[in-house]
Amino acid sequence: MADLKELVDKTRSQVAAQVNSAMVVLYWEIGKRINEDVLDNKRAEYGKEVIVQISQQLTLEFGNSFSEKNIRKMMQFASVFSDFNIVASAMRQLS
């Protein structure tokens, strides 16, 4: 029984690490797409309203993880780490 419990715990930990990595990539990609495709890498005044609308739509469909504050953090994350290879390298070190 102890071996089975250990197997379950180990697998749960691996799944959690994979989910966390996938979420980091998702958040980075959302930030990157908003920065590049929606705002065209500019901080135009209309961008404030666009971010509010994106947040509202994503929150309605997927929950509170997509609040305006979190969307802005995703955008900042993608700006600071503009190269995905840096993000991937950091994820490997954190897991």
Side-chain angles (χ1 to χ4, degrees):
M1 198 61 187
D3 288 341
L4 295 177
K5 287 180 180 181
E6 185 178 329
L7 181 61
V8 170
D9 285 339
K10 181 180 176 184
T11 302
R12 283 183 175 173
S13 293
Q14 290 171 343
V15 168
Q18 290 174 345
V19 168
N20 287 340
S21 292
M23 295 306 292
V24 168
V25 171
L26 172 65
Y27 295 155
W28 181 84
E29 287 191 15
I30 287 172
K32 181 178 187 286
R33 287 190 184 187
I34 292 171
N35 287 339
E36 292 179 359
D37 298 343
V38 177
L39 299 180
D40 197 26
N41 288 319
K42 299 174 187 161
R43 293 287 183 246
E45 193 62 34
Y46 78 93
K48 292 178 183 176
E49 184 59 34
V50 171
I51 294 166
V52 169
Q53 291 175 4
I54 290 170
S55 171
Q56 288 172 347
Q57 290 177 17
L58 290 175
T59 299
L60 278 175
E61 185 141 353
F62 301 108
N64 292 331
S65 295
F66 298 98
S67 67
E68 183 181 345
K69 180 180 176 181
N70 285 348
I71 295 288
R72 292 189 186 284
K73 286 181 180 181
M74 292 173 203
M75 294 168 61
Q76 183 180 20
F77 176 48
S79 291
V80 171
F81 299 100
S82 58
D83 183 356
F84 180 74
N85 292 325
I86 296 170
V87 175
S89 176
M91 286 184 333
R92 284 191 295 274
Q93 291 177 10
L94 292 174
S95 64

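Not measured: the values here are computed from a predicted model.
The aromatic ring centres of Trp28 and Phe84 sit less than 6.0 Å apart.
With sequence neighbours excluded, the residues satisfying side-chain contact (heavy atoms from CB on, under 4.5 Å) with Ser67 are Lys69, Asn70.
The closest donor-acceptor contact from the side chain of Ser55 to the backbone of Ile51 lies at 3.5 Å or more, if one exists at all.
The CE atom of Met1 lies 6.0 Å from the CG atom of Leu4; values are rounded to the nearest 0.5 Å. Here the CD atom belonging to Glu29 is positioned 11.0 Å from the CD atom belonging to Glu36, to the nearest 0.5 angstrom.
Within a 6.0 Å sphere centred on CZ of Arg33, other residues, nucleotides and ligands contribute 12 heavy atoms or fewer. In this structure, Asp83 places its CG atom where more than 12 heavy-atom neighbours from other residues, nucleotides or ligands lie under 6.0 Å away.
Listed here is the closest heavy atom pair of Gly31 and Ala78: C-CB, 3.6 Å. Across all non-hydrogen atoms, the minimal contact from Ser65 to Met74 is O-CE, 3.7 Å.
The pair Glu68-Arg72 meets the salt-bridge criterion, since a charged nitrogen lies less than 4.0 angstrom from a carboxylate oxygen.
For residues 17-27, the set of pairs meeting the salt bridge (Lys or Arg N to Asp or Glu O under 4.0 Å) definition, not counting sequence neighbours, is empty.
Side-chain contact between Leu26 and Met23: present, with at least one pair of heavy atoms (C-beta onward) separated by less than 4.5 Å. At least one side-chain heavy atom of Val24 sits under 4.5 Å from a side-chain heavy atom of Phe77.
Just one of Thr59, Ile30, Ile34 meets the side-chain contact (heavy atoms from CB on, under 4.5 Å) condition when paired with Ile54; it is Ile34.
No chain of hydrophobic side-chain contacts below 4.5 Å, direct or via other Ile, Leu, Val, Met, Phe, Trp or Tyr residues, connects Val52 to Ile71. Hydrophobic clustering of Ile, Leu, Val, Met, Phe, Trp and Tyr side chains at less than 4.5 Å, counting indirect connections, unites Phe62 with Val38.
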